[in-house]
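Report on one structure; see the data block that follows.
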Amino acid sequence: QVQLVESGGGLVQAGGSLRLSCAASGRTFRRYAMGWFRQAPGKEREFLAAISWSGGGTYYAASVKGRFTISSDNAKNTVYLQMNSLKPEDTAVYYCAAARSIYYTGSYDPADFGSWGQGTQVTVSS
């Protein structure tokens with residue numbers, strides 16, 4: 001089982017930046033790709049980005065490509081989501097998650113991710 005803890009959310013003005021962190025632990029967490037999702041009130045959970053610990057690849061949703069960057073620090077067992085040029089519509093609870101399969105190939109479906117963090121709130125004011 002993979003345990004995940006997000007941090008770094010908060011209130012920011014439109015145009016600003018935030019960096020979210022996701023600390024991972026558990027016996028086999030490095031076998032699984034990690035993803036970031038968000039969920040706004042009344043909306044479905046939305047895929048944002050994913051990365052493999054081995055550095056084999058990154059995946060982005062079209063809605064955030066060019067503004068958000070996913071990265072990992074293997075020494076710190078942490079995955080990051082750098083968010084720039086934030087917009088009010090980016091307001092949501094942000095979650096990190098570990099892929100269910102070690103053979104993750106870029107799925108955007110939340111059902112393909114198993115362990116989830118508790119989420120961190122990001123609020124972007126206009």
Side-chain angles (χ1 to χ4, degrees):
Q1 186 72 9
V2 178
Q3 292 81 44
L4 304 171
V5 179
E6 303 98 335
S7 61
L11 174 64
V12 63
Q13 289 188 333
S17 298
L18 278 176
R19 188 178 76 161
L20 305 182
S21 300
C22 174
S25 61
R27 189 166 60 90
T28 60
F29 72 89
R30 290 232 181 111
R31 298 180 66 189
Y32 302 96
M34 298 291 297
W36 282 99
F37 291 76
R38 68 185 178 191
Q39 189 164 20
K43 295 189 176 181
E44 294 186 350
R45 194 162 292 192
E46 176 190 12
F47 172 87
L48 301 175
I51 188 169
S52 65
W53 288 100
S54 65
T58 56
Y59 307 86
Y60 291 96
S63 60
V64 302
K65 194 169 187 178
R67 293 194 301 129
F68 292 7
T69 302
I70 191 169
S71 62
S72 63
D73 184 332
N74 287 6
K76 295 183 177 179
N77 299 334
T78 300
V79 174
Y80 302 100
L81 186 69
Q82 177 67 43
M83 306 186 296
N84 298 329
S85 302
L86 284 164
K87 307 172 183 179
E89 52 263 44
D90 293 318
T91 295
V93 178
Y94 284 68
Y95 299 90
C96 66
R100 290 188 183 276
S101 171
I102 61 174
Y103 303 111
Y104 176 76
T105 55
S107 170
Y108 290 11
D109 189 346
D112 289 328
F113 289 78
S115 302
W116 292 82
Q118 81 289 352
T120 186
Q121 176 71 46
V122 171
T123 302
V124 184
S125 63
S126 56

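Position 1 is the first residue of the sequence; numbering continues from there.
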Looking at Ser126 and Pro88, what are the two nearest heavy atoms and their distance?
-> CB-CG, 3.8 Å
Taking all non-hydrogen atoms of both residues, which atom of Arg100 and which atom of Ala111 are closest, and how far apart?
-> NE-O, 2.7 Å
Test log, rule side-chain contact (heavy atoms from CB on, under 4.5 Å), inputs Tyr104 and Ser52 = CA-CA 8 Å; Tyr104 176 76; Ser52 65; over 6 Å; no
Considering all heavy atoms, the nearest Val122-Gly9 contact | CG2-CA, 4.1 Å
Is any side-chain heavy atom of Arg30 closer than 4.5 Å to a side-chain heavy atom of Asn74?
-> yes
Quick one: does Thr91's side chain get under 4.5 Å of Gln121's, heavy atoms only?
-> yes
Would you say the side-chain atoms of Glu6 pair up with the backbone N or O of Thr120, donor to acceptor, closer than 3.5 Å?
-> no
Donor-acceptor under 3.5 Å (Arg19 side chain, Gly8 main chain) = no
Drop me the distance from Trp36's CH2 to Leu20's CG, to the nearest 0.5 angstrom.
-> 4.5 Å
Is the centre of the Phe113 ring less than 6.0 Å from the centre of the Tyr32 ring?
-> no
Minimum-distance pair of heavy atoms, taken over all atoms of Val124 and Lys87 | CB-O, 3.2 Å
For residues Ser85 and Asp90, report the shortest heavy-atom separation together with the two atoms involved.
-> O-OD2, 4.4 Å
Looking at OG1 of Thr123 and CG of Leu86, how far apart are the two atoms once the value is rounded to the nearest 0.5 Å?
-> 11.0 Å
Trp116 and Phe37: aromatic ring centres closer than 6.0 Å?
-> yes
Which one of Leu81, Ile70, Leu4 satisfies the side chain to side chain contact (heavy atoms under 4.5 Å, CB included) criterion with Met34?
-> Leu4
Which heavy-atom pair separates Thr58 from Tyr60 by the least distance, and what is that distance?
-> OG1-CE1, 3.7 Å
When hydrophobic residues are tied together by side-chain contacts of less than 4.5 Å, even through go-betweens, does Ile51 share a cluster with Ile102?
-> yes
The reported gap from OG in Ser7 to OH in Tyr94 (rounded to nearest 0.5 angstrom) is 15.0 Å
Does the side chain of Phe47 come within less than 4.5 Å of Tyr59's, by heavy atoms?
-> yes
In one Ile/Leu/Val/Met/Phe/Trp/Tyr side-chain cluster, 4.5 Å: Tyr80, Val2 = no
Atom CE of Met83 and atom OG1 of Thr69: how far apart are they, to the nearest 0.5 Å?
-> 11.0 Å
Got Glu46 and Ser63 here, is their nearest side-chain heavy-atom distance under 4.5 Å?
-> yes
